Amino acid sequence: MQISETAITTGNIAYAVNSFSNMDTEEFRGILNYNTNHFCLQRFDLGLSGKLAENWLYAASIYQNFDPGSFKLRFTPYQDRTQLYKAAITRKLGNKGTLSLQYKYSNSRRLDGVIELAPFIYVGDGSVKEVPGAPLGTSSYVPVEGRFRMLDMRTGKVSEVGINDESQNHANELMMNLDYTFDNGLQWKLSAKGISSYNSYLWIGAPTIKKVTDGIEEGSGNDTDADIYYYNGTNDRFTGMKQNRMLYFHYGNVDFYMLTSELLKKSGSHQWRVGLNQWYYNVIYWSNTTRYDQEATGSPRLLSHITDAGSTSQITDYAYNYGGSEFYDGSENKLALYVTDNWDITDRFNLYLGGRAEYYKYKGKSLPYERFENFHIGTTIPGTTETVQPVSFKGNYFNYALTAALTYRLNDYLGFTVDGMMNTRHPRIEDYATPDYPSTKQTMIKLGRAGLFFNNDWLSVTSLVSYIGKDNNRTVVNISYPDAGKNETKATTFNYDIKTIGWTTDTVLQPFRNFNLHFLFTYQKPTYKKFETDVVFSDGTVKSINATGNNVTEIPEVLIEIDPSYTIAGKINI
């Protein structure tokens with residue numbers, strides 16, 4: 001789906017994919033997919049469908065994934081263990097349409113956020129070297145023990161947990177689909193879905209790496225005034241490179257109810273659609289954080305430390321919920337009406353128009369307090385008699401989206417196209433997860449494109465210049481203390497803008513039979529605007545952050561895609 005289509009039908013700004021399950025077939029059909037690789041991946045996908053009785057059809061499927069990844073984890077055999085079960089029944093409504101009911105159960109344990117980081121040496125010219133003992137992509141950078149202690153920010157209880165046990169998601173989903181065409185050609189599509197789920201996601205950040213000699217961190221003094229590091233569970237002092245890390249435990253209980261109804265009709269040169277969204281989302285979300293130290297090598301061991309030479313008590317996990325812990329409990333409701341019209345004004349001139357009006361309401365409770373060590377609901381704020389308690393928030397807003405696209409063909413080969421889109425949004429419930437309340441200022445997204453297209457029997461070219469901008473965007477970044485010797489991280493809110501002008505040319509060439517060449521060229525330079533703030537740490541140290549004018553991270557300026565293919569005898573494609 002194009003950005004403008006997604007904005008009109010969902011109110012979101014993104015490329016989206018329409019996904020459809022196999023709901024039924026008239027004849028019995030079975031499809032089995034099996035995948036494996038040289039790391040011993042085992043993946044099964046079985047689907048069955050057929051006829052139960054006259055006008056009654058069924059479909060069922062099972063998906064099983066046993067994925068060990070590309071390196072061995074000591075605390076679990078699989079980096080991804082996912083199960084999906086689906087069953088559907090369909091009633092044919094004569095030649096008017098169908099009514100379907102589907103149930104789905106999912107259970108998944110995925111460790112993407114735990115295993116995705118690894119150490120490397122930055123050379124300085126854009127390239128990297130591997131750290132000795134930590135081959136990239138084929139060695140684990142997760143402590144072999146796989147168990148940590150955390151403090152539940154809802155209850156204040158400290159418990160020991162396993163990474164694999166805490167990385168689980170399971171959901172029950174019930175969905176109904178109706179597709180009915182009336183005698184006058186009016187088509188009615190109705191989709192309703194309810195989901196009840198428990199979700200968790202673990203992520204390990206990596207603030208600093210320091211050299212340690214005989215248990216003493218480089219630059220931190222001597223035995224009398226520095227932390228002393230040991231291999232966990234022993235009295236053997238550690239020597240080597242030490243990584244300080246923060247483990248984030250994210251949890252959520254989510255209930256989601258969605259209803260979308262559409263009426264579609266072709267009237268002369270118009271193909272119009274009227275749609276209604278009624279979406280309700282209820283969630284309790286919390287995250288706990290734990291700091292720890294480990295070796296900076298493959299399959300690392302945990303390190304413990306004592307805080308001074310006179311102590312004998314070794315600490316492994318510490319600084320619970322200090323910096324990155326989050327919480328909110330509440331609901332969102334979207335009630336929206338949208339209209340689109342695809343109008344062939346002439347056989348050469350097409351105009352597509354769309355509009356969305358959305359009433360958006362949310363309410364909930366959050367914890368608007370600066371985080372401190374051992375932070376949790378009910379604890380006393382240091383230096384005060386005040387306790388941490390949930391505080392209510394709410395909002396009611398009107399959001400809208402507008403889109404228009406004009407296409408004109410000058411002749412059978414050449415034409416031009418112009419389209420534009422604007423969409424608004426306001427804070428969402430997740431924006432209240434951190435101590436800082438979000439700005440309630442409207443966020444506006446604007447997109448405009450114009451270009452030419454040329455088509456004949458062997459060449460298809462589209463070349464577009466585009467502009468896209470988004471103001472009052474919001475993100476939360478965890479900023480670590482600039483002195484690596486102090487373990488403090490603050491969740492910091494940024495409100496910023498992004499803007500770019502880009503040029504894209506998409507070409508498909510078929511110069512001779514059975515040969516196809518696709519060529520795509522894009523130039524863009526999205527940059528941050530007003531991405532700046534000062535972060536004040538507990539001892540008064542100020543860290544200034546300013547990314548204004550910098551390129552948006554992870555987005556390249558130039559993209560070139562070349563895809564040649566040749567078909568042999570109509571059966572083999574190279």
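Source: prediction; values computed, not measured. Just the heavy atoms: all of them, side chains too, but no hydrogens, waters or symmetry mates, feed the values below.
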Asker: Side chain of Asp471, backbone of Met444: donor and acceptor closer than 3.5 Å?
Answerer: yes
Asker: Are the side chain of Arg154 and the backbone of Trp286 linked by a donor-acceptor contact shorter than 3.5 Å?
Answerer: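 No, because the side chain of Arg154 does not come within donor-acceptor range (under 3.5 Å) of the backbone of Trp286.
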Asker: Under a plain distance cut-off of 3.5 Å, with no hydrogens placed, do Tyr201 and Asn199 share a side-chain donor-acceptor pair?
Answerer: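 Result is no, nothing qualifies.
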Asker: Among Tyr328, Phe327, Phe249, Tyr251, whose ring-ring contact (aromatic ring centres under 6.0 Å, His included) with Tyr285 holds?
Answerer: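 Only one of Tyr328, Phe327, Phe249, Tyr251 forms a ring-ring contact (aromatic ring centres under 6.0 Å, His included) with Tyr285, namely Tyr328.
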Asker: Donor-acceptor check, side chain of Arg449 to backbone of Thr417, threshold 3.5 angstrom: yes or no?
Answerer: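 A pair under 3.5 Å: no.
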Asker: May I ask you to decide whether Lys334 forms a salt bridge with Glu332, counting only side-chain N to carboxylate O separations under 4.0 Å?
Answerer: no
Asker: Who passes side chain to side chain contact (heavy atoms under 4.5 Å, CB included) against Lys441, sequence neighbours left out?
Answerer: Ser439, Asn472
Asker: Salt-bridge test for Glu26 and Lys92: reply yes if a basic N is under 4.0 Å from a carboxylate O, no otherwise.
Answerer: yes
Asker: After noting the C-alpha distance and the side-chain angles of Glu532 and Thr548, does the key distance pass the side chain to side chain donor-acceptor pair (under 3.5 Å) rule?
Answerer: CA-CA 7 Å; Glu532 51 198 62; Thr548 296; 2.7 Å; yes
Asker: Do Met175 and Lys104 touch side chain to side chain, with heavy atoms closer than 4.5 Å?
Answerer: no
Asker: Partners of Tyr437 by ring-ring contact (aromatic ring centres under 6.0 Å, His included), sequence neighbours excluded?
Answerer: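 Testing Tyr437 for ring-ring contact (aromatic ring centres under 6.0 Å, His included), a comparison that skips the adjacent residues, returns Tyr432.
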Asker: When you measure from the side chain of Asp255 to the backbone N and O of Val283, does any donor-acceptor pair fall under 3.5 Å?
Answerer: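 Between the backbone of Val283 and the side chain of Asp255 there is no qualifying donor-acceptor contact (under 3.5 Å).
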Asker: Which atom pair, heavy atoms only, marks the closest approach of Asp431 to Pro438?
Answerer: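 For Asp431 and Pro438, the tightest heavy-atom pair comes out as O-CD, 3.6 Å.
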Asker: What's the shortest heavy-atom distance between Val418 and Ala450, and which atoms?
Answerer: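 Distance-wise, the nearest heavy atoms are CG2-CB, 4.1 Å.
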Asker: Are the side chain of Asn37 and the backbone of Leu41 linked by a donor-acceptor contact shorter than 3.5 Å?
Answerer: yes
Asker: In Å and rounded to the nearest 0.5 Å, what is the CH2 to CD distance from Trp503 to Gln524?
Answerer: 13.5 Å
Asker: Here's a test for you: under side-chain contact (heavy atoms from CB on, under 4.5 Å), which of Leu464, Val461, Thr462, Thr522 qualifies with Thr505?
Answerer: Val461
Asker: Does Thr346 have any side chain to side chain contact (heavy atoms under 4.5 Å, CB included) partners at least two apart in sequence or in another chain, and if so, which?
Answerer: Arg348, Phe349
Asker: What residues form a side chain to side chain contact (heavy atoms under 4.5 Å, CB included) with Leu337, not counting sequence neighbours?
Answerer: Val274
Asker: Rounded to the nearest 0.5 Å, what separates atom NE2 in His426 from atom NZ in Lys361?
Answerer: 16.0 Å
Asker: Indicate whether the side chain of Asp436 and that of Thr434 have a donor and an acceptor atom separated by less than 3.5 Å.
Answerer: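 There is no such pair (donor and acceptor under 3.5 Å, judged by atom type) between the side chains of Asp436 and Thr434.
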Asker: What distance do Asp341 atom CG and Gln271 atom CD have between them, rounded to the nearest 0.5 Å?
Answerer: 8.5 Å
Asker: Just wondering, are more than 12 heavy atoms of other shown residues or ligands nearer than 6.0 Å to CH2 in Trp272?
Answerer: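 Yes, CH2 of Trp272 has more than 12 neighbouring heavy atoms, counting only those of other groups under 6.0 Å.
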Asker: Could you walk me through whether Asp506 and His518 pass the side-chain contact (heavy atoms from CB on, under 4.5 Å) test, one step at a time?
Answerer: CA-CA 8 Å; Asp506 196 317; His518 174 237; 2.9 Å; yes
Asker: Less than 4.5 Å apart, any side-chain heavy atom of Glu557 and any of Tyr523?
Answerer: yes
Asker: Using modelled atom types and a 3.5 Å cut-off, is there a donor and acceptor pairing between side-chain atoms of Gln79 and backbone atoms of Asp112?
Answerer: no
Asker: Could you report the tightest heavy-atom contact between Thr403 and Ile8, atom names first, then the distance?
Answerer: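 Closest approach of Thr403 to Ile8: CG2-CG1, 3.6 Å.
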Asker: Which heavy-atom pair separates Thr500 from Pro526 by the least distance, and what is that distance?
Answerer: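 Minimum heavy-atom separation between Thr500 and Pro526: OG1-N, 3.2 Å.
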Asker: Which donor-acceptor pairs under 3.5 Å do the side chains of residues 49-60 make with protein atoms, sequence neighbours left out?
Answerer:
{"unit_1": "Ser49", "atom_1": "OG", "unit_2": "Asn22", "atom_2": "ND2", "d": "3.4"}
{"unit_1": "Ser49", "atom_1": "OG", "unit_2": "Thr25", "atom_2": "OG1", "d": "2.8"}

Asker: Return the minimal non-hydrogen interatomic distance between Ala433 and Arg371, and the atom names on each side.
Answerer: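 Scanning both residues completely, I find the closest heavy atoms to be O-NH2, 3.3 Å.
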Asker: Using modelled atom types only, decide if a donor and an acceptor are shared between the side chain of Ser196 and the backbone of Asn172 within a distance under 3.5 Å.
Answerer: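 Not at all, since once roles are kept as given, no pair shorter than 3.5 Å links the two residues.
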Asker: Quick test of your reading of the model: are Asp329 and Lys365 salt-bridged, counting only N-O distances below 4.0 Å?
Answerer: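 Salt bridge flag = no for Lys365 with Asp329.
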Asker: With a 3.5 Å distance limit and no angle check, can you tell me whether Tyr257 reaches the backbone of Gln278 through a side-chain donor-acceptor pair?
Answerer: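 Checking the backbone N and O of Gln278 against the side chain of Tyr257, no donor-acceptor pair under 3.5 Å is found.
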Asker: With ring-ring contact (aromatic ring centres under 6.0 Å, His included) as the test, would you mind laying out the steps for Tyr180 and Trp188 before giving the verdict?
Answerer: CA-CA 5 Å; Tyr180 189 83; Trp188 181 30; 7.7 Å; no
Asker: Run the numbers on His376 and Thr155 for side-chain contact (heavy atoms from CB on, under 4.5 Å), then give the verdict.
Answerer: CA-CA 7 Å; His376 63 87; Thr155 65; over 6 Å; no
Asker: Side chains of Tyr362 and Tyr281, heavy atoms from C-beta outward: is any pair under 4.5 Å?
Answerer: no
Asker: Does Arg81 make a cation-pi contact with Phe66 (under 6.0 Å, within 45 degrees of the axis)?
Answerer: yes
Asker: Kindly check if the number of other-residue, nucleotide or ligand heavy atoms within 6.0 Å of CD (Glu561) is above 12?
Answerer: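 Result for CD/Glu561: enclosed.
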Asker: Do Arg43 and Asn65 pass the side chain to side chain donor-acceptor pair (under 3.5 Å) test, and can you show the C-alpha distance, the side-chain angles, and the key distance before you say yes or no?
Answerer: CA-CA 4 Å; Arg43 183 180 296 143; Asn65 189 32; 3.0 Å; yes
Asker: Please check: side-chain N/O of Thr424 versus main-chain N/O of Tyr400, any donor-acceptor pairing under 3.5 Å?
Answerer: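 Checking the backbone N and O of Tyr400 against the side chain of Thr424, a donor-acceptor pair under 3.5 Å is found.
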Asker: Are the side chains of Tyr360 and Arg428 in contact, using a 4.5 Å heavy-atom criterion?
Answerer: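 The answer is yes, as the side chains (C-beta and beyond) meet within the 4.5 Å cut-off.
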Asker: Taking the side chain as C-beta and beyond, is there a heavy-atom pair between Arg425 and Tyr397 under 4.5 Å?
Answerer: no
Asker: Count the heavy atoms of every other residue, nucleotide or ligand shown that sit under 6.0 Å from OH of Tyr103, and state whether that count exceeds 12.
Answerer: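 Result for OH/Tyr103: enclosed.
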Asker: Which atom names give the shortest non-hydrogen contact between Gly268 and Lys266, and what distance separates them?
Answerer: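 Shortest heavy-atom separation between Gly268 and Lys266 comes out as O-NZ, 3.5 Å.
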Asker: Run the side chain to side chain contact (heavy atoms under 4.5 Å, CB included) test against Lys470 and tell me which residues pass, sequence neighbours left out.
Answerer: Thr443, Ile445, Asn473
Asker: Evaluate the side chain to side chain donor-acceptor pair (under 3.5 Å) criterion for residues Gln42 and Tyr34: first the C-alpha distance (whole Å), next the side-chain angles of each, then the deciding distance (0.1 Å), finally the verdict.
Answerer: CA-CA 7 Å; Gln42 305 292 321; Tyr34 169 72; 2.6 Å; yes
Asker: Within a radius of less than 6.0 Å around NZ of Lys265, do more than 12 heavy atoms belonging to other residues, nucleotides or ligands occur?
Answerer: yes
Asker: To the nearest 0.5 Å, what is the distance between OH (Tyr359) and CG (Asn399)?
Answerer: 11.5 Å
Asker: Looking only at atom types and distance, does a side-chain atom of Ser200 sit under 3.5 Å from a main-chain N or O of Gln168, one as donor and one as acceptor?
Answerer: yes
Asker: Would you say the side-chain atoms of Gln83 and Tyr105 include a donor-acceptor pair closer than 3.5 Å?
Answerer: no
Asker: What distance do Ile115 atom CD1 and Leu111 atom CG have between them, rounded to the nearest 0.5 Å?
Answerer: 6.0 Å
Asker: Do Tyr352 and Asp419 come within less than 4.5 Å of each other through their side chains, counting heavy atoms only?
Answerer: no
